[in-house]
Amino acid sequence: MLAEAALALGVWLQLAAGQEAPGRGAQPSISNAEGDILFLLDSSGSVSYYEFSKVKEFMWDLVRPFSFGPKDVQTSIIHISTTPTMEFPFDRYQSRGGVQQAIRDTRQLMGDTNTGQALSYAKEKFFSNEAGARPEVPKVLVWVTDGFSTDDISEPMQLLKDMGVTVFIVSTGRGNYLELSAAASQPPEKHLHFVDVDDLPIITKELRDAMLDVIQANRLHAVDITSSSFRLVWPELLSQETGYYSLEYAPTNNLAAKRTTQLSGAHTSFTVSNLTPETTYEVALVPESNVHYFPPQTTRVTTLAEEITPAQLLISESSPHSFQVSWAPTPDSVAAYQVLYGPLPGDSAQLLEVDGKRNSTVVENLAPNTTYLVTVTAIYRSGKEKSLSAKACTQEEGSKVRHLRFEDMGSNTLKASWDAADGKVLGYRVRCRRQTGPSSLISVSPQIHSVLLTDLPSGTTNKVCVKPMYKNQAGKGLCRMVRMQPGESGVLSPGKSTPKGTWVVEIQPRGALVAEIPCAHHLACQQGFITASTPEGIAQS
């Protein structure tokens, strides 16, 4: 027993000192990489403390093998919140231990999810000497998101990519695939990942390897590879005045078909298009300088297969007896899709035929609280087939919150209470959308059935929703509109023109009187306030 305690203490001390714990396995060092890596960290109130902690662990695991320094990798963090904030400049921490401790010390800021503002802020810092960024190295942005943003991301993200930043996106929620695939660098199957926050370690090596393709060599390399094009990027060697580049490329199996393009010395990138799918090209960049000699730079690039769909498979709108299956993209070369689904474990399966122009279907007549294996197969007009599989879970029967009620606690504060949902609830999420001020999201354990909501000014109408969380998906939420009345009683005040013992519930944004309810119909009826738990159909938002 004493020996076990001593071993546990030794492991803890190693972790506290920034060393690897025995059994976890030290990562091989990566010393031939050079680049600025920026993490866009969702620090808003829509992320629970548990999720925030898991993302920090993922960030450190991702960069742990790198060597840090002015000639190696530098990293920084920008918080997504009401106002974007930089946790530390790129050049502050020049060792693994320093970076690890800095990530460990990062604290959640809460606030709104203003991702667009954070991206604009990131564009400034990525190319700022004051932020420790280096002008001559590759730039990598890693955005870990739950899929929710309160402002537009498309324009600031495109500006970043136009400036040469390679964008990787990890969605831990149910983000919109089309929106996120457009935001990430191309191709999306290399730069976009959908994964549960508990499964982030599964993608760590794959994502790190993709990042290494960008930062491992400060020389000619290809990015944004598709079936018919790729973009070549190289370090700044010449200028408009000192020379030009001669770019040559040809299929490996047909070098006689070489094409040559001349580019000005101001270029550091060029997109090669009108290429053949699934073809390897030999590329040579020859700097022609009237000042210095620069040796040619070469690389080999293979275009993607044209028939690559479905690239992503998403499960949504799950209920006890159905869920929706969506996939993307949907090229014209697909004649039809087949959706094969069956329960796990089990050997039975059913097949749905879907038109090739559609990108989703609803699977019905399912068993509740059951895991299904879903396989979507694209049937191409050429006769080829491409498949992708995912697991889907139906909800438990009756998995919803009941009897949401409120109690005025004074000082613009409201207590929201609810009855426990059925099944194995892992926790509850309470969202408050305020008429004035930012929205908030609170996550509580399954034993907690009430929360305090603050900063609710009198005279405002606010929407409160409570949703149970299960292992595989969220349950059905229950929402109520509650009006904070002026005066000492902040929530549901007694009606001035109604019979004695009768209370008026005002729940609509315009203050419409929904019902007059005798006190006897309520779980509680106290001086100055009334609970919002009403008979079925009354005060329902």
Side-chain angles (χ1 to χ4, degrees), residues 158 161-162 164 166-169 177-194 203 206-207 209-214 216-217 219-234 247-261 263 269-285 297-314 326-339 354-359 375-390:
Q158 188 59 50
K161 291 189 290 184
D162 289 344
T166 303
V167 178
F168 295 91
I169 301 177
Y177 169 76
L178 296 179
E179 179 181 283
L180 293 180
S181 62
S185 293
Q186 298 300 307
E189 54 266 25
K190 183 176 181 180
H191 298 86
L192 175 61
H193 297 270
F194 285 85
I203 67 167
E206 180 182 352
L207 178 55
D209 289 345
M211 293 166 59
L212 274 172
D213 289 342
V214 180
Q216 194 155 28
R219 53 176 292 111
L220 178 69
H221 63 278
V223 297
D224 297 342
I225 303 172
T226 70
S227 60
S228 61
S229 68
F230 51 76
R231 183 163 64 93
L232 294 168
V233 180
W234 60 89
L247 178 66
E248 303 172 352
Y249 58 96
T252 301
N253 59 359
N254 186 14
L255 295 179
K258 180 179 70 174
R259 305 179 204 175
T260 302
T261 300
L263 305 171
S269 68
F270 180 75
T271 298
V272 182
S273 55
N274 299 319
L275 303 176
T276 305
E278 290 187 284
T279 301
T280 300
Y281 287 84
E282 302 289 344
V283 181
L285 181 73
Q297 296 194 21
T298 61
T299 188
R300 179 176 293 177
V301 187
T302 301
T303 53
L304 302 179
E306 186 176 15
E307 299 165 344
I308 60 173
T309 57
Q312 293 288 342
L313 185 58
L314 302 179
S326 306
W327 53 89
T330 54
D332 294 337
S333 54
V334 174
Y337 292 96
Q338 292 182 345
V339 181
V354 182
D355 185 84
K357 296 181 179 180
R358 293 177 56 189
N359 70 338
T375 301
V376 175
T377 301
I379 311 296
Y380 294 91
R381 291 187 174 90
S382 64
K384 292 184 179 180
E385 298 182 4
K386 300 284 185 177
S387 300
L388 188 65
S389 298

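Just so it is clear, the model here is predicted, and its values are computed rather than measured.
Every residue was checked against the salt bridge (Lys or Arg N to Asp or Glu O under 4.0 Å) condition with E385, not counting sequence neighbours, and none meets it. Here T279 pairs with P251, T276, Y281, T303 under the side-chain contact (heavy atoms from CB on, under 4.5 Å) rule; sequence neighbours left out. In this view, K190 and P187, A210, D213 satisfy the side-chain contact (heavy atoms from CB on, under 4.5 Å) rule, not counting sequence neighbours. Under the salt bridge (Lys or Arg N to Asp or Glu O under 4.0 Å) criterion, D209 pairs with K205, not counting sequence neighbours. With sequence neighbours excluded, the residues that form a side-chain contact (heavy atoms from CB on, under 4.5 Å) with A222 are I225, F230, L232, V301. For K258, the side-chain contact (heavy atoms from CB on, under 4.5 Å) test picks out E248, A250, T260, with sequence neighbours left out.
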Verify side chain to side chain contact (heavy atoms under 4.5 Å, CB included) between V339 and W327, making sure each step is shown before the conclusion. CA-CA 11 Å; V339 181; W327 53 89; 4.1 Å; yes
Is there a side chain to side chain contact (heavy atoms under 4.5 Å, CB included) between R358 and Y337 once you walk through the steps? CA-CA 8 Å; R358 293 177 56 189; Y337 292 96; 6.0 Å; no
When you look at L388 and V376, which way does the side chain to side chain contact (heavy atoms under 4.5 Å, CB included) test go after all the steps? CA-CA 6 Å; L388 188 65; V376 175; 5.6 Å; no
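Side-chain N or O atoms of T330 include none that pairs as donor or acceptor with a backbone N or O of N359 at under 3.5 Å.
Considering only heavy atoms from C-beta on, L247 comes within 4.5 Å of V272 through its side chain. When side chains are defined from C-beta on, F270 does not count as touching L285, because their heavy atoms never get closer than 4.5 Å.
Note that the CH2 atom of W234 and the CD atom of Q297 stand 9.5 Å from one another [nearest 0.5 Å]. To the nearest 0.5 Å, the span separating OG1 on T252 from CZ on R300 amounts to 5.0 Å. Going from atom CG of L220 over to atom OG of S269 covers 11.0 Å, rounded to the nearest 0.5 Å.
Contact record, P188 with S181: CB-CB, 3.9 Å, taken as the closest heavy-atom pair. Here the shortest heavy-atom pairing between A184 and I169 reads N-CD1, 3.6 Å. Among all heavy-atom pairs drawn from Q312 and Y177, the shortest one is CG-CE1, 2.6 Å. Taking every heavy atom of both residues into account, V167 and S185 meet most closely at N-OG, 2.8 Å. When every heavy atom of E189 is checked against every heavy atom of E206, the shortest pair comes out as O-OE2, 4.3 Å.
No more than 12 heavy atoms of other residues, nucleotides or ligands sit less than 6.0 Å from atom CG of N274.
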